[in-house]
Structures are given as C-alpha cells and as structure tokens.
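Below, chains carry the letters A, B, ... as their sequence lines are ordered, and counting in each starts from 1.
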There are 2 protein chains.
Amino acid sequence: MVMKMTDNSKQHMYDVKKYRTPDGAPADIVMFTLTKKERKTFTKTLPLRELKVMLIRRRSWPFAGKWALPGGFSRDTESLFETAQRELKEETGVDADARHLEYLGVYSKPGRDPRGWIISHAFFALVEEEILEKRQAADDAEEVGLFTIEEALEQLELGFDHRDIIQDAYHRIQEQMLSTVIAKKFLPPEFTLSELYQVIKAVVPDFEEPNFIRKITSTRSRKGIIEEVRDEQGNPLSSNQYSQRPAQLYRFTGLMPRLSIYS
Amino acid sequence: MVMKMTDNSKQHMYDVKKYRTPDGAPADIVMFTLTKKERKTFTKTLPLRELKVMLIRRRSWPFAGKWALPGGFSRDTESLFETAQRELKEETGVDADARHLEYLGVYSKPGRDPRGWIISHAFFALVEEEILEKRQAADDAEEVGLFTIEEALEQLELGFDHRDIIQDAYHRIQEQMLSTVIAKKFLPPEFTLSELYQVIKAVVPDFEEPNFIRKITSTRSRKGIIEEVRDEQGNPLSSNQYSQRPAQLYRFTGLMPRLSIYS
DNA sequence: ATAATAGTGTCTATGAGACAATATGGC
DNA sequence: GCCATATTGTCTCATAGACACTATTAT
C-alpha cells in the first residue's frame, strides 16, 4: 500500500493510529513507610519499627470499595518518572526530590484493567510516617490506610493486579535494603548502630547478624559505608535517646561497595 | 455528584478517550552476544571473547539510515514481556525461553520519538553468536550489525534515545554478571574456570581476581555456586580444548548466594 | 625442550563467629 | 545496686592476597 504525499515531509506517511493504541499509561506508587511505636518499659528502649504500605480505598468503578495503590495517568508532556513525582507530590504534599522514588516495573497483562488497554508503571517510594499521617487526617474525601505487608498481601481485597505489584515492590525493597544504602532514607542523618540494625530487620525480617556492630565497624571492606560522627574537637558524639548507656552516632559516607558473587 | 445509570453496568460512565492516550508502546531489545575469535598461537589458546550488541540500520522515517535497536509495537493481546519474546523470536528465529530475556526499563521522555507519544520498553537479551551471524547472512532486507559497546556508544549515530538505552543495558548486564549467575548463559553447560573468568572479564573489563580459581573452589561461602563435573565412576572430568594441560570442568549448581553490604 | 595454561604450597594479615566480660547512666 | 543496652576482649578457625612453584601435554 502506497500513500499519496501532499507535501515533502515523509512523516505524513506514518499513520500513528493504524493499529490500536493503549488507552493510557498510569504510574502507580507503592509508598512504603516505617512506623515507630514507643514501647513501655521500665527504662528507655528503641521504638518498635514496622514496614507499612499506603493504600487508598477506591470510590468509583472499577474495583469500587477495594483498596488500591495511589496513582494517576501520565500526560504527553512528561516522562513516567515525572508522572510518578507529580503523583507523589499530590499524595504527600512534599516534593519528591527529597526522598527515594524508584522505578519498579511495567504491568501490562491483557485484561488487568477493565477500563481498557492500560499499561501501568509501578514505582516505589519511601515516605516519612508523619507525612502519611497528616495525609490520612487531612483528606476526608478519600479513605487512606497504612497496612503491614502481610495485611496488604494476605487479608486485603486489592483492585487490579496491585497485589502482584506490592509483592514485587516488597522483594525489591528487601534487595535494595541489603545491597544499597537506602536504609539512609529511613533514618535521621545521624543514628546509632542499633537503629540501623533495627531498620534493616524491619524491612528484611530474616536478616540476622549477631556481630553486626563488630562487622560494620571493624571490617576493612565494609568499614567505608558509615563513619563515626565527631564534634569540632574530634570527640566522638553519642546519643542516649534510646538507651541508658550512650551509643556512638554514625552517618553514611556516601560510599557504595560493589558486591560480587565471585570475589 | 450522583449520575443516573442507563443500565446496571457502571463502566459506561468511564470514557476511555477523554484525554490524549499514548500512540504506542513498543518493546526494544538490546541483544548482547559474546563473540569468540580464535587466536593464532603456537599452541592451543582460549579464544578472545568480546561483548557485542546487535543493531539494525533503519530504512525508513524516522532516523532512516541510522542504527537502532530491534523492536516492535506491543499488541493489546499480549503483555510487554510477550512482545519482547515475540520480537526476539522474530529477530533470531529461536524461542526466547531458551535464553535470558530481562526487562530493563521504560523510556518515555516527551519527544523521544517523532512519530508521536510513544512509550518504549527496553529489554535486554543474551543471544548466541551463531544465531546472530545466521541472521546477518540470511536477511538481505535489513542491514544488521554487531558492534562492541564502545563502538555503539561512541562512534555510531543512533536513532531515538537508543544510546541511553544501550548505556543502561550495559550497566545492568555488568551488575548482573557480578551479582547473579547469568555467566551461565554465555557458557556451555560444562566449562573450565578460565572460560568463566574470561566471560566475566569480557563483560566487566575491570574485574580483577588473581586468585580466582582459589577463591571460587575453596571458599566455603562461594563454593556452592559451581561444582566439579565427574563421570559415573566419580572421576573428575577435564577438557584440554583450550590448553595443553587439561582443565577441570565445572557446572553451575543453581545455587544463588544472597549478597549484602552489611554482612 | 618449549610453550602455554592449570593448579598447588606456603606464608602472613585480616576477618568471621561465638561468647564472655565490662561499661554506662537513669532509675 | 539494678537494669537494659552499648561496647570491648579473647580465642579459634576461615579467608584474602601475594607469589613462587609444580603439573600437564601437544608440538
């Protein structure tokens, strides 16, 4: 089939609507947070930390009444990452730059969305607990919930293929927790090693490292990723916020070791 | 706001074409291969191995005459992974299941494709050299090229944002080479440790491990990923295909160590 | 014998892993 | 003085890293 040209530009030969095209490309965001809950004990203790995911109860077709990930459609003036940033800002009121937002993958199984041929792009984000609480309180138009991963995966009725997405996001955040320094995003700039250990365990429950302090402070190959915090005189700084005996404060250095199964 | 329903199905309220929708969602595939080239020496030697990427010279608008990744548009009856599998099969003539095909990411910067709002999904695949050679010889309709990464990134004029995609794919394959057992896909089922080392170095040139044999065979924590090949009597099998002195053959066990920066 | 690669011996310094012991500071 | 958590001591065995040395076999 040859088309007649009405001008010199070859691009007019290209018919963009010859085949069916997708009905939309949304970004859906798995927003993780680490909740802190005080424990009542005789003396100071670390708060309990739990990994939670934020969901919104859908009010309209499809999947009305079911829980689903926050998200929205991409526009032709933005990349999908920008869509996700915009959504994240709309959901939390805070600029996305400040926190971790990472692409997770594409979800495109035919029939996954009853509205049509909709190819969804999943992201995951790490958000401070307080922001989600504020969001939860402020917005009475939408029902917002914070659930543990277990609740979300096993007890809730979720719309679309969002159960798959949450599952994948959970695996990814676990991988990332152990192979990168995203733990940083769950901690204040200066933290104790117990806090770091607790954050890791909250995300990866089966992480066990009895000699954690030893390894991270005295192993040459790993030593580089965190460093002791010191004051101007070079004295080590410590905190007794969560314990009687003050604990040394550390910060991340920015260094990232390269892992390898062969060395 | 409550709307009157004309039938029981709420879905007729939803207008799928209210906003502009994407003009297509193609899958583009970065097909890597490891070429083997005999070296002429006095005695047997390992062939030289080089990582190459397959590109196709475009014949039509846009970017006619420029090199680009093979790919094609997704249909509404398939997931994007299936699109990639189909494309890979069309390009190589071989079923995708046999080899490594992995999602890389989404490329959606506005203006990346002059044909319209086209959101591309990049995959990377590992393909045997012979298949690409066959393809190169058979298809006189299309000009097919195998280039080193350096050539592709620094010398070639590439269409779309395919330079970015190739760059990202290169980083990803390097990561994967060191943190997973994809080396397996570049090797026969049974191989010598020199071959394995050479494959790793071909993909990650700055990988240096002088005591490679030592570490991989006698370190308890790593020992599990490969095992010696033995015959029925339990005698170790070796090969002198590439050397005078026969070398022990190994195979991957299927075991995958979990890497962590904290332990 | 030689070339070219495979694999071992050996030595030292460092790290892992397990526990016991000690330190700190609010109560 | 007690408690809960932080931190160090100590001991053994495994591993890293360097480098010299020996092994194998087609030519």
| The side chain of B:Ser243 lies closest to which of these nucleotides: C:dA6, D:dT10, C:dT24? |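 The nucleotide sitting nearest to the side chain is C:dA6.
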
| query | With respect to the side chain of A:Ala247, which nucleotide from D:dG17, D:dA6, D:dA18 is positioned closest? | reply |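 The nucleotide sitting nearest to the side chain is D:dA6.
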
| Angle class for the A:Tyr103/A:Phe123 ring planes (parallel below 30°, perpendicular above 60°, tilted otherwise)? |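 Perpendicular.
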
| query | Taking the inter-plane angle between the rings of B:Tyr262 and A:Phe207 on a 0 to 90° scale, is it parallel (under 30°), tilted (30 to 60°) or perpendicular (over 60°)? | reply |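 If you compare the ring of B:Tyr262 with that of A:Phe207, the planes turn out perpendicular.
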
Rounded to the nearest Å, what distance is computed from the [atom1] atom of residue [X] to the [atom2] atom of nucleotide [N]?
X        : N      : atom1 : atom2 : result
B:Phe212 : D:dA16 : CZ    : P     : 13 Å
A:Ile213 : D:dT5  : CD1   : P     : 13 Å
B:Gln244 : C:dG7  : CD    : P     : 14 Å
B:Gln241 : C:dT5  : CD    : P     : 14 Å
B:Phe191 : C:dA6  : CZ    : P     : 14 Å
B:Glu208 : D:dA18 : CD    : P     : 11 Å
B:Leu193 : C:dT5  : CG    : C1'   : 13 Å
A:Asn211 : D:dA14 : CG    : P     : 17 Å

| More than 12 non-hydrogen atoms from neighbouring residues, nucleotides or ligands closer than 6.0 Å to CD on B:Glu157, yes or no? |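 Open.
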
| message | Using a distance-only criterion (donor-acceptor N/O pair, under 3.5 Å, no hydrogens), is the base of C:dG25 paired with the side chain of A:Asn240? | response |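 Per atom types, no contact qualifies.
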
| Any donor-acceptor N/O pair under 3.5 Å between C:dG26 base and A:Arg245 side chain |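 In this structure, the two groups form no donor-acceptor pair.
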
| task | Answer with base, sugar-phosphate or nothing: what part of the nucleic acid does A:Thr192 contact at a heavy-atom distance below 4.0 Å? | result |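 The residue A:Thr192 makes no contact with any strand.
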
| task | Identify whether any heavy atom of B:Ser194 sits under 4.0 Å from a base atom; if not, whether one sits that close to sugar-phosphate; answer base, sugar-phosphate or nothing. | result |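 Sugar-phosphate only.
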
| A:Gln248 side-chain N/O to A:Leu237 backbone N/O, donor-acceptor pair under 3.5 Å |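 Side chain of A:Gln248 to backbone of A:Leu237: a pair is present.
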
| said: Quick check on side chain to side chain contact (heavy atoms under 4.5 Å, CB included): which of B:Leu158, B:Ile56, B:Leu55, B:Ile29 does B:Leu69 satisfy it with? | reply: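 Going through B:Leu158, B:Ile56, B:Leu55, B:Ile29 one by one, the side chain to side chain contact (heavy atoms under 4.5 Å, CB included) with B:Leu69 is satisfied by B:Leu55 alone.
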
| field | OP1 or OP2 of D:dT15 under 4.0 Å from side-chain N/O of B:Lys215 | value |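 Indeed not, no polar side-chain atom of B:Lys215 lies that close.
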
